Engineer: 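Questions regarding the structure given below will be posed in turn.
Note that the structure is predicted; figures quoted are calculated from it, not measured. Remember, it's 1-based here, ligands and their atoms both numbered in the order they're listed. FYI, side chains are in, hydrogens and waters are out, and symmetry mates aren't considered; it's all heavy atoms of this structure.
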Amino acid sequence: GLDISKLRGTTGVVTLDPGYVNTGSTTSGITFLNGEEGVLRYRGYPIEQLAENCEFIEVAYLLIYGELPTDEQLEVYREKLSTHTMLHEDLRLFYDGFPRDAHPMAILSSVVGAMSTFYQDSLDPHDDWHVEVSMVRLLAKLPTIAAWAYKKSSGQPFVYPKNHLNYCENFLRMMFSVPTEDYEVDPDFVSALNLLLIVHADHEQNCSTSTVRMVGSSNANIFASISAGISALWGPLHGGANEACVNMLERIRDDGCNVKKYVDMAKDKEDGFRLMGFGHRVYKNFDPRATIIKAACHRILEKQKLEDPIFDIARQLEEAALKDEYFIERHLYPNVDFYSGVIYRAIGIPEKMFTVLFAIGRLPGWIAHWREMHADPHKRICRPRQIYTGPTVREFVPIDQRS
Ligand code: ACO
């Protein structure tokens, strides 16, 4: 019932809300989140049902266009995406310039930003064809860009996409195939990756999505906006937490598996150490994505007969923290990043690629929000205010009179 047009042009009291804890920046019909009850729905569909039944690009379609695709629509979409998976050979040259130890998230945001130099034919955010083709290019090419970032770091030759494979199969093949051996894509890995991408696909106004909207609100093109979103996601308080979490679990393993010591360290504010993969701005009961991922983690380790001490440490850490007053009082529970790294490890994904996988998953959400924002007749440039705390007016002092 809120008529946003009535608010247009109003100025008045400026509210101060550091971190935008209680500030709604937009209305949105994409994702529903109830942090108290641990509910997450994309376009009305519970995340649990989508994770169990869908293919990732089906969910991408749902987020972007608002409805689940029919068989025929999905086939057309698949076809569209598969014709855009290649990178321009000149874009490939970018990889020669990056240092071998460059973080793949830095490569990802640079190459996506550079797409605006290669696709100048489709940069107008107000032209439907431009937007449509850019969205398809982004979704189709991001796995190739990501897999090549890994190949660069490992010094192996790049593997080109094979378009008869599905989205996840294609990515895994581009990551792990080498010229000397055939790579058989393991169906268990494909379904685990598919599930992880789905649970990461959108999460309303999180830091990276708000960044995409913020940049896009100036009418910057979609590649520039998504590139900014990737940079925001990289931080360890956001998507970078999955990499930081596994680093932390390895540190606990190497330090004698004393989980209690790390729970205690996280309570001490002096050194700034936090339990990575714990806590969430919105979920104050449990993160439904973490529940789905923990179960998937069990499944894949059991099915593959893998024993990973990191998983046991994660479980012990969760148990110890959930019994601890500090964590109980502050409603700190494992979040989406707590168990995802264990699955990535089982698939053979190196740690530096964890956040890249998050970016591939989140891309449809970023695109859906960018598109929703541009479709809003009341769209305005995002421009928060501040409460000024600097000096009041003072007379200019010439340089020879300054002490
Ligand atoms: N370990 C220890 N203490 C924590 C943790 C943690 N992981 N998270 C929050 N706290 C404490 C804070 O120190 C603070 O304590 P205080 O009230 O005594 O000052 C209280 O809990 C509230 O924390 P805030 O930082 O104010 O909560 P905020 O909503 O701003 O931050 C965040 C949420 C960033 C997720 C935080 O919980 C955190 O840093 N977690 C670890 C990083 C992480 O896992 N990030 C991934 C988030 S999910 C995602 O982006 C995909």
Side-chain angles (χ1 to χ4, degrees), residues 16-23 31 33 35-36 38 40 42 47 51 105 195-212 229-249 251-252 259-294 313-314 317-344 351 354-366 369:
L16 178 65
D17 183 12
Y20 312 123
V21 180
N22 293 304
T23 299
T31 286
L33 232 182
E36 269 68 45
L40 172 62
Y42 298 161
I47 187 65
M105 282 300 277
L195 180 133
L196 282 174
L197 296 185
I198 290 173
V199 297
H200 284 92
D202 193 42
H203 214 230
E204 54 125 285
Q205 305 312 315
N206 57 84
C207 176
S208 55
T209 303
S210 301
T211 302
V212 170
I230 294 170
S231 299
L233 186 73
W234 189 6
L237 295 188
H238 189 13
N242 53 17
E243 183 183 343
C245 179
V246 164
N247 288 335
M248 174 189 76
L249 295 171
R251 189 173 145 200
I252 299 175
V259 292
K260 177 81 176 60
K261 174 175 160 189
Y262 285 82
V263 169
D264 289 340
M265 270 165 63
K267 297 191 284 189
D268 175 5
K269 309 278 173 180
E270 287 294 294
D271 66 0
F273 173 79
R274 286 184 167 199
L275 284 191
M276 286 291 125
F278 255 80
H280 195 274
R281 172 61 61 80
V282 184
Y283 293 121
K284 299 299 175 197
N285 188 340
F286 68 97
D287 180 339
R289 303 167 302 170
T291 311
I292 296 172
I293 293 176
K294 187 177 176 185
I313 293 169
L317 192 66
E318 177 184 356
E319 211 172 289
L322 293 184
K323 278 194 213 133
D324 193 288
E325 243 350 273
Y326 173 97
F327 288 85
I328 295 169
E329 264 172 21
R330 290 169 180 75
H331 305 285
L332 301 170
Y333 297 87
N335 59 47
V336 67
D337 290 322
F338 194 64
Y339 285 105
S340 59
V342 185
I343 301 187
Y344 291 139
E351 280 158 31
F354 289 2
T355 315
V356 169
L357 267 292
F358 192 152
I360 296 177
R362 185 54 54 88
L363 181 62
W366 289 333
H369 282 274

Engineer: Would you call the rings of H238 and F358 parallel, tilted or perpendicular if under 30° counts as parallel and over 60° as perpendicular?
Structural biologist: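 It falls in the perpendicular class, over 60°.
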
Engineer: Keeping the roles fixed (side chain from T211, backbone from C207), state whether a donor-acceptor pair exists under 3.5 Å.
Structural biologist: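 Side chain of T211 to backbone of C207, a donor-acceptor pair under 3.5 Å: yes, one is there.
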
Engineer: Sort out the contact shell of ligand 1: every protein residue with a heavy-atom distance below 4.0 Å, listed by chain and number.
Structural biologist: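 If the criterion is a heavy atom under 4.0 Å, then ligand 1 touches P236, L237, H238, A241, A266, K269, R274, L275, M276, G277, F278, G279, H280, R281, Y326, R330, L332, N335, V336, D337, F358.
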
Engineer: Kindly compute the distance separating CD1 (I230) from CH2 (W366), expressed to the nearest 0.5 Å.
Structural biologist: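 If we round to the nearest 0.5 Å, I230:CD1 and W366:CH2 are 5.0 Å apart.
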
Engineer: Around atom CZ of F273, are there more than 12 heavy atoms from other residues, nucleotides or ligands closer than 6.0 Å?
Structural biologist: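 Yes, because the 6.0 Å sphere around CZ of F273 holds more than 12 heavy atoms from other groups.
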
Engineer: Between N242 (side chain) and S340 (backbone), is there a donor-acceptor pair under 3.5 Å?
Structural biologist: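 Answer holds: no.
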
Engineer: How would you list all residue pairs meeting side chain to side chain donor-acceptor pair (under 3.5 Å) that involve residues 277-288, not counting sequence neighbours?
Structural biologist: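 Found H203-Y283, D287-R289.
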
